[in-house]
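Notes follow once the structure below has been shown.
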Amino acid sequence: MRKTMAVGVPVIIALLILCGVDLVRSDASDHRYKEGDLVPLYANKVGPFHNPSETYRYFDLPFCSPDKVKEKKEALGEVLNGDRLVSAPYKLEFQKHKDSEVACKRTIKRKKWPGKVDKEGKDPSEYKTYLYKHIHFDISYNKDRVIEINVRTDPNALVDLTEDKEVDVEFMYTVKWKETTTPFDKRMDKYSQSSSLPHHLEIHWFSIINSCVTVLLLTGFLATILMRVLKNDFVKYAHDEEAAEDQEETGWKYIHGDVFRFPKYKSLFAAALGSGTQLFTLTIFIFILALVGVFYPYNRGALFTALVVIYALTSGIAGYTATSFYCQLEGTNWVRNLLLTGCLFCGPLFLTFCFLNTVAIAYTATAALPFGTIVVIVLIWTLVTSPLLVLGGIAGKNSKAEFQAPVRTTKYPREIPPLPWYRATIPQMAMAGFLPFSAIYIELYYIFASVWGHRIYTIYSILFIVFIILLIVTAFITVALTYFQLAAEDHEWWWRSFLCGGSTGIFIYAYCLYYYYARSDMSGFMQTSFFFGYMACICYGFFLMLGTVGFRAALLFVRHIYRSIKCE
C-alpha cells in the first residue's frame, strides 16, 4: 500500500511507501503470508510536499538504509510518473509487533537534513527546526493477506536541530498489527470512495447542476434566437425566389458561392483536424477505462501507460482523417500533410519534454527519464505510431471521397465588407471560449488538485458528464458564432470555427495562472517549469480537440442551411 508520511522539511516531505502487497502488478493475489514471514517493503520518491514534480530518490537523503539496497522494477507508466522504488530499512514480520525498534543511528547536522520548521517567531532567525525520529506502522490484515498499512510519525519524538551542530540520533520504528474483516479485493474501496463522500458529492453535483442550468439558459436563449432568425431567413429567401429576379440578395444566402471555398493553409487545417480527432478518440478511450475501474488511487502509472499505448494505437485515425480531408480539399502533396499531422502535436510535446527532462537531470530529480525508458518510447513511436500513421494516411488517400458541398463555388471570391471590431477573430474567440469554460471551471479545481497535488479523484462518472456538457456547449456556441459570421457576409468561416471551438483551451491555460498563484503553494524553477510546460501541452491538446469538435459542428450546420434553400 502507498501512504503519505510527513517527515518534516522546510516544506513537508512526502514519503510514499509500497508494501509487498503489490497493487501495480497483476500478481498481487499471490502475496500470502504465514506468521513471521518477512513482508517486502519499498520506499518511493521523496520531495517537497507542495511540489509534486520535484521528487528525488529516497536515498538521495541520508535516511537509514538497509545493508543491500534493492531496486524494484517498475512499469512504463510508473517510471513516467517518477516512481523509483527501493527496499526500505524497516523489517515487517507478518503478525509480529515491534516496539521502538532501532533502525539505525546517525550523527547529523541541520544543513544535511530536512526538518520540520516551527515558524512561531516572526523573525526567520527565531524559527526552530525539528526532525522526526520515530515512525509508526499500523498494519491491517485479513487472515493471510495484508490489507492496509498506515505510516505516521510520532509528534513527541523530535530532535531539535535549531543549532547547527552535530547531534547523535537513534531512528526507531514501531509496528502494530490489527486484524480486519475487509476483503483483500475491497482494500482500495476506502480510497476510491473518499472523493464520493457526501460533502464532496454535494459540491460536484452543485457544480454540474449550476453548469447545466447556466448552459441550458444561455444555449436555450441562443437556440431560440437562432431558430427564429433562421426561420425568418428561410421564409424571406423563399419569398424572394417568387419575387422579381433582379432583387439583390443579402445576408448569408448572398455568399453561397463563397461559403464552401476551401480555406487557406489547407494542409495545416487538415493536419489539425486529424490530430484533434485522434486526441478526441484518446479521451473517449481513457474515459471508458476509467469508468470500468482500470484506474484506482495511488496507481497513476496505469494512466500514463494507457495514454502512451492508446495514443500510439490511435495514430492511424489521425493519418486517415487528415489525409482524406486534405484530398477532399483538392490537396496534392499528401505525404507532406501526413508528416505535418505526425508532428503537429508530438512536435511541441517533444520539445517541451526535452527542456523539462534537462531541467530534471540538472536537479537530479526522479522526473528525469532513464535512458532505457526513452529508448522504449522511441521504439513505440518508430514501430507502432509511425507505421499506423502512414497506413491511415494511405487509406485516407485511397478513400476517393469528395467534399460534399450543397452549392457551387464561384471562380472568384467576393470581397468581405468592413466589419466592426467585435467581429474580428480574437473577440470572437473570447466569446466562444468563455461559455464552455464556465461550465467546467468548478470541476477543474478538483482535477488540478489531483494531478498537481495529493487529492484523490475517482468520480469519473461526474467528470464524464462535465465532458459531455463541454462538447455540447462548444459545438453550439461555435454554430451560433458561425451563423452570425455568415449573416455578416463573411465567408471565411473554416479557420474561425476551429479557432473559436478550441479557444476553451486558452481559457484553461489562463486558469493555470490563477491556480498556480492563488490556489497552490508550488514554488521553485523546476516545479514552475513542469507545471506551465506540461499544462501548455495539455491545453494545446484541448485546443486541437475542441477546435475539431467546433469545426465539425459548424460544417454540419452550414451544409444544412445551404441545402435548405435554392441557390442559382
> Any side-chain heavy atom of Val558 within less than 4.5 Å of one from Leu486?
Replying inline: yes

> When you measure from the centre of the six-membered ring of Phe403, is the NZ or CZ of Arg559 under 6.0 Å away and within 45° of the axis?
Replying inline: yes

> Any side-chain heavy-atom pair from Thr314 and Ile317 closer than 4.5 angstrom?
Replying inline: yes

> Do Thr366 and Thr55 get their side chains close enough for a donor-acceptor pair, meaning under 3.5 Å?
Replying inline: yes

> So, for Ser315 and Val384, which heavy atoms are closest and what is the spacing to 0.1 Å?
Replying inline: OG-O, 4.3 Å

Distance-only donor-acceptor hits, side chain of residues 530-552, under 3.5 Å, sequence neighbours excluded:
unit_1, atom_1, unit_2, atom_2, d
Tyr540, OH, Leu344, O, 2.8
Thr548, OG1, Leu544, O, 2.8

> Who passes side-chain hydrogen bond (donor to acceptor under 3.5 Å, both in side chains) against Thr410, sequence neighbours left out?
Replying inline: Arg261

> Under 3.5 Å, is there a donor-acceptor pair between the Gln527 and Tyr516 side chains?
Replying inline: no

>> To the nearest 0.5 Å, what is the distance between OG1 on Thr341 and CZ on Arg336?
In response: 11.5 Å

>> Test your reading of the model: is there a side-chain donor-acceptor pair from Arg414 to the backbone of Tyr254, 3.5 Å cut-off?
In response: yes

> What's the verdict on side-chain contact (heavy atoms from CB on, under 4.5 Å) for Ile288 and Ile286, showing C-alpha distance, side-chain angles and the deciding distance?
Replying inline: CA-CA 5 Å; Ile288 292 173; Ile286 291 296; over 6 Å; no

>> So which atom in Gly396 and which in Ser399 form the shortest heavy-atom distance, rounded to 0.1 Å?
In response: O-OG, 2.7 Å

> So do Phe498 and Pro263 actually touch side chain to side chain, heavy atoms under 4.5 Å?
Replying inline: no

> Once you round to the nearest 0.5 Å, how far does CH2 of Trp495 lie from CZ of Phe269?
Replying inline: 6.0 Å

> Any sub-3.5 Å donor-acceptor pair from Asp490's side-chain atoms to Glu492's backbone N or O?
Replying inline: yes

> Are the side chain of Thr305 and the backbone of Gly77 linked by a donor-acceptor contact shorter than 3.5 Å?
Replying inline: yes

>> Can you tell me how far apart CZ (Phe507) and CE (Met429) are? Round to the nearest 0.5 Å.
In response: 9.0 Å

>> A side-chain contact here means heavy atoms from C-beta on lying under 4.5 Å apart; do Trp493 and Leu555 qualify?
In response: yes

> Less than 4.5 Å apart, any side-chain heavy atom of Leu273 and any of Tyr326?
Replying inline: no

> Rounded to the nearest 0.5 Å, what separation is found between the OG atom of Ser450 and the CD1 atom of Ile456?
Replying inline: 8.5 Å

>> Donor-acceptor check, side chain of Asn357 to backbone of Phe353, threshold 3.5 angstrom: yes or no?
In response: no

>> Check whether Thr321 reaches the backbone of Ala318 with its side chain - one donor and one acceptor, N or O, closer than 3.5 Å.
In response: no

> Is Phe285 atom CZ crowded by more than 12 heavy atoms from other residues, nucleotides or ligands, each under 6.0 Å away?
Replying inline: no

> When you measure from the side chain of Glu54 to the backbone N and O of Asn51, does any donor-acceptor pair fall under 3.5 Å?
Replying inline: no

> Does the side-chain contact (heavy atoms from CB on, under 4.5 Å) test come out yes or no for Ile469 and Ile440, once each step is laid out?
Replying inline: CA-CA 8 Å; Ile469 293 174; Ile440 65 170; 6.0 Å; no

>> side-chain hydrogen bond (donor to acceptor under 3.5 Å, both in side chains) for Glu443 and Tyr457? Distances and angles first, verdict last.
In response: CA-CA 11 Å; Glu443 205 67 24; Tyr457 190 97; 2.6 Å; yes

>> Within this structure, what is the CG-OG1 distance for the pair Leu556 and Thr482, rounded to the nearest 0.5 Å?
In response: 11.5 Å

> Hey, is the main chain of Pro417 close enough, under 3.5 Å, to the side chain of Glu489 for a donor-acceptor pair?
Replying inline: no

> Among Ser503, Cys500, Pro436, which residue meets the side chain to side chain contact (heavy atoms under 4.5 Å, CB included) test with Thr474?
Replying inline: Pro436

>> What I'd like to find out is whether the side chain of Phe476 reaches to under 4.5 Å of the side chain of Leu435, using heavy atoms alone.
In response: no

> Between Phe467 and Phe287, does a ring pair (Phe, Tyr, Trp, His ring centres under 6.0 Å) hold up when you go through it step by step?
Replying inline: CA-CA 10 Å; Phe467 179 70; Phe287 268 118; 5.2 Å; yes

> Looking at side-chain heavy atoms only, is the closest gap between Phe437 and Leu470 below 4.5 Å?
Replying inline: no

>> Please give me the minimum heavy-atom distance between Ala401 and Gln328, naming the atom from each residue.
In response: O-CG, 3.3 Å

>> Taking atom CZ as the centre, does Phe434 end up with more than 12 heavy-atom neighbours from other residues, nucleotides or ligands that are less than 6.0 angstrom away?
In response: no

> Taking all non-hydrogen atoms of both residues, which atom of Val79 and which atom of Glu74 are closest, and how far apart?
Replying inline: CG2-CB, 3.9 Å

>> What verdict does the side-chain contact (heavy atoms from CB on, under 4.5 Å) test give for Leu80 and Ile377, after you've listed the backbone C-alpha separation in whole Å, the side-chain angles of each residue and the deciding distance to 0.1 Å?
In response: CA-CA 10 Å; Leu80 295 176; Ile377 294 176; 3.8 Å; yes

> Can Arg519 be said to sit on top of Phe448's aromatic six-ring, NZ or CZ under 6.0 Å from centre and within 45° of the ring axis?
Replying inline: no

>> Within the 4.5 Å heavy-atom criterion, are Tyr446 and Leu463 side-chain neighbours or not?
In response: no

>> Using modelled atom types and a 3.5 Å cut-off, is there a donor and acceptor pairing between side-chain atoms of Asn337 and backbone atoms of Ser267?
In response: yes

>> side-chain hydrogen bond (donor to acceptor under 3.5 Å, both in side chains), that's the test. Do Arg496 and Thr425 meet it? Break it down for me.
In response: CA-CA 7 Å; Arg496 178 75 64 84; Thr425 302; 3.3 Å; yes

> If you round to the nearest 0.5 Å, how far is OG1 of Thr277 from CZ of Phe325?
Replying inline: 10.0 Å

> Minimum heavy-atom separation for Pro413 to His491, with atom names?
Replying inline: CB-CE1, 4.5 Å

> Considering all heavy atoms of both residues, which atom of Leu76 and which atom of Val308 are nearest to each other, and what is their separation?
Replying inline: CD2-CG1, 4.2 Å

>> Apply side-chain contact (heavy atoms from CB on, under 4.5 Å) to residues Ile310 and Leu289 and explain how you reach the verdict.
In response: CA-CA 11 Å; Ile310 296 175; Leu289 293 178; 3.7 Å; yes

